[in-house]
There are 2 protein chains.
Amino acid sequence: MAFTYEYARPALTVDCVVFGLDEGELKVLLIQRGLKPFRGRWALPGGFVRVSETVDDAARRELAEESGLKNVFLEQLYTFGALYRDPRERVVSVAYYALVRLADFKTKAASDAKAARWFALSNVPPLAFDHGEILESAIARLRGKLRYGPIGFELLPDKFTLSQLQHLYEAVLGVALDKRNFRKKVLAFDFLVPVAEQAKGAHRPAQLYRFDSVKYQRLRKQGFNFEL
Amino acid sequence: MAFTYEYARPALTVDCVVFGLDEGELKVLLIQRGLKPFRGRWALPGGFVRVSETVDDAARRELAEESGLKNVFLEQLYTFGALYRDPRERVVSVAYYALVRLADFKTKAASDAKAARWFALSNVPPLAFDHGEILESAIARLRGKLRYGPIGFELLPDKFTLSQLQHLYEAVLGVALDKRNFRKKVLAFDFLVPVAEQAKGAHRPAQLYRFDSVKYQRLRKQGFNFEL
DNA sequence: TCAAAAGTGTTCTTGATACACCCATGC
DNA sequence: GCATGGGTGTATCAAGAACACTTTTGA
């Protein structure tokens, strides 16, 4: 690979905004930095992109290394390329956002990564670098996507009640929704299928549903457009 | 700037998908490559990001250098980070898309950049690298944004007729729209203001309008949501 | 006088919203 | 038996879709 270094190159990193739903509340996973700069501050999990991996792979690798999370929904968000994002040197960062079913990963992630913690969005500490800005973009993107795509299910367990789904939408979008209208609408879509089991608690048991992505894809091809 | 090169770094470039509207047809600006690899093939304008400029600035600089276009609408699209995009070495590219008022720039761009040409979308030649894929993403993004944001005006002259606007939507979205419903809707938005002049031609003259971005921003702050 | 594009309202249909009560269970 | 969340239908309203003819100009 002959290449003349005519100009100095910016370094390239990835950063991941990991969202999870905990007790009906939207949370984000942060890592406490052990090294300078911003030592002791909380930051998004991330790191350098290696020359032999795709940028997507780098995001998945860093996520696994720093938080123990694997096989989660991951999508590119935006590339942050301002000059002094990192005080050490010129670093361009490709930001991703991930959605995890927190119920499954809660204990695991906590044990794998000692310095990792979930923070409620209303309670995020000051972040290192421009990670506050990245987080804001991710929240905005999540809100947008949630309305127009079936990504909310990535935050819920495989089987969930309609109330759980509604509360997710209410928590993320910050609005109150009418129960009857909400149920009418999502059931009319016809890609939520009831499963045999029922949820239990100190009250009437609820029907559980799962998201049928095959049905969903079929509908999409027929020109159907998700919107909630 | 002390930095240890623990790992080899991917190179970082920008590529720009430039859209223009020519005689009611959507076109894209391509550059014919003079160097290997893909010598002679058509490609998107773009180049390396310098260490002392932001990524956005790199896109603007390359656009100006390779096509003579300045002060155009420019927005980041997506970052392409596959391994063998470029046969020479590992290159990650941040793609942008730009919208230009072709009527203003047509002659200028043609003279500034000898190897630059506008291609109708239905007539794009095979492109170098993964630029075909980038172009596809840009078209998808343009279609999406056009429905939900006031970016169509970036493709039209400052003063335009409602028919021109409608034809733009029909051309980009590939659908036929009802004239009366279209006019009713856009005029109800109340951010198109009629100007004194009229368009002329071999037929009845049409009222010209301009997009009032101040009015638009005011509406946005009041919770208004553009959708067409 | 003809061709070509501009301009203009009403009806119908569809989807969104608002709204209140009974049900099943655990404690 | 009571507290808690689960589950259901209808009436009203607003927005979108369908639709055809007259007007103005240049050639």
Side-chain angles (χ1 to χ4, degrees), chain A residues 21-25 103 146-148 156-157 159-171 173-210 219 222-228, chain B residues 21-25 103 146-148 156-157 159-171 173-210 219 222-228:
Chain A
L21 199 69
D22 187 16
E23 318 278 335
E25 200 179 16
L146 196 64
R147 300 196 85 85
Y148 301 111
L156 292 176
K159 298 165 186 168
F160 52 85
T161 68
L162 293 185
S163 293
Q164 282 180 289
L165 185 62
Q166 183 181 342
H167 291 144
L168 160 62
Y169 273 82
E170 292 179 327
L173 300 179
V175 295
L177 299 171
D178 179 86
K179 183 164 58 160
R180 281 177 289 191
N181 293 335
F182 182 84
R183 286 165 175 255
K184 208 187 310 171
K185 198 164 179 181
V186 300
L187 289 179
F189 286 153
D190 200 44
F191 48 63
L192 291 190
V193 303
V195 299
E197 298 162 77
Q198 293 191 320
K200 48 184 187 175
H203 45 75
R204 177 173 174 179
Q207 179 60 251
L208 288 170
Y209 294 83
R210 66 180 178 79
L219 286 167
Q222 291 163 20
F224 164 81
N225 254 327
F226 184 100
E227 185 178 342
L228 231 160
Chain B
L21 197 70
D22 187 17
E23 319 278 333
E25 200 178 17
L146 196 64
R147 299 197 85 85
Y148 301 112
L156 292 176
K159 297 164 187 170
F160 52 86
T161 68
L162 293 185
S163 293
Q164 281 180 289
L165 185 63
Q166 182 180 343
H167 291 145
L168 160 62
Y169 273 81
E170 291 178 327
L173 300 178
V175 296
L177 299 171
D178 179 87
K179 182 164 59 160
R180 280 176 290 191
N181 292 337
F182 183 85
R183 284 162 177 256
K184 207 186 309 172
K185 199 165 179 180
V186 300
L187 289 180
F189 286 153
D190 200 43
F191 49 62
L192 292 190
V193 303
V195 298
E197 297 161 77
Q198 293 190 322
K200 49 184 185 174
H203 46 74
R204 176 171 174 179
Q207 179 60 250
L208 287 170
Y209 293 83
R210 66 181 178 80
L219 287 167
Q222 291 162 20
F224 164 81
N225 252 328
F226 183 100
E227 183 177 345
L228 229 160

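In what follows, chains are A, B, ... by sequence order, proteins preceding strands, each numbered from 1. This structure is a prediction, so every number in the text was calculated from the model and none was measured. Just the heavy atoms: all of them, side chains too, but no hydrogens, waters or symmetry mates, feed the values below.
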Checklist entry - Who are the side-chain contact (heavy atoms from CB on, under 4.5 Å) partners of A/Pro205, not counting sequence neighbours? => result A/Gln198
Next on the checklist: So, using side-chain contact (heavy atoms from CB on, under 4.5 Å) as the criterion, who are the partners of A/Ser163 when residues are at least two apart?
Outcome noted: A/Thr161, A/His167, A/Arg183
Checklist outcome for this item: When B/Pro205 and A/Pro205 are each assigned the nearest nucleotide of DNA chain C, the 5'-most assignment goes to B/Pro205
Checklist entry - How close do B/Leu162 and B/Phe182 get, heavy atom to heavy atom, and via which atoms? => result O-CE2, 3.8 Å
Item to check | Along DNA chain D (nearest heavy atom to each residue), the more 5'-positioned of A/Leu187 and A/Arg204 | outcome: A/Arg204
Checklist entry - side-chain contact (heavy atoms from CB on, under 4.5 Å) with A/Leu219: which residues, sequence neighbours excluded? => result A/Phe191, A/Gln222, A/Phe224
Item to check | Contact check, side chains of B/Leu21 and B/Leu156, non-hydrogen atoms, under 4.5 Å | outcome: yes
Next on the checklist: At a heavy-atom distance below 4.0 Å, which nucleotide of DNA chain C is the first touched by chain A, and which is the last?
Outcome noted: C/dA16 to C/dG26
Item to check | A/Lys185: partners by side-chain hydrogen bond (donor to acceptor under 3.5 Å, both in side chains), with sequence neighbours left out | outcome: none
Item to check | Set of side-chain hydrogen bond (donor to acceptor under 3.5 Å, both in side chains) partners for B/Gln166, sequence neighbours left out | outcome: B/Glu170
Checklist outcome for this item: Residue pair B/Arg183/A/His203 against DNA chain C: nearer the 5' end by closest nucleotide is B/Arg183
Next on the checklist: Can you give me the first and the last nucleotide of DNA chain D (5' to 3') that has an atom within less than 4.0 angstrom of a non-hydrogen atom in chain B?
Outcome noted: D/dG16 to D/dG26
Checklist outcome for this item: With sequence neighbours left out, the residues meeting side-chain hydrogen bond (donor to acceptor under 3.5 Å, both in side chains) with A/Asp178 are A/Asn181
Next on the checklist: List the residues meeting side-chain contact (heavy atoms from CB on, under 4.5 Å) with A/Arg210, not counting sequence neighbours, and say none if there are none.
Outcome noted: A/Val193, A/Val195, A/Asp212
Item to check | For B/Lys179, side-chain hydrogen bond (donor to acceptor under 3.5 Å, both in side chains) partners two or more places apart | outcome: none
Checklist entry - Under 4.0 angstrom, heavy atoms only, what part of the nucleic acid is B/Lys179 near: base, sugar-phosphate, or nothing? => result base
Checklist entry - In degrees rounded to 10°, what angle is found between the helical axes fit to the five outermost pairs at each end of the helix from C/dT1-D/dA27 to C/dC21-D/dG7? => result 20°
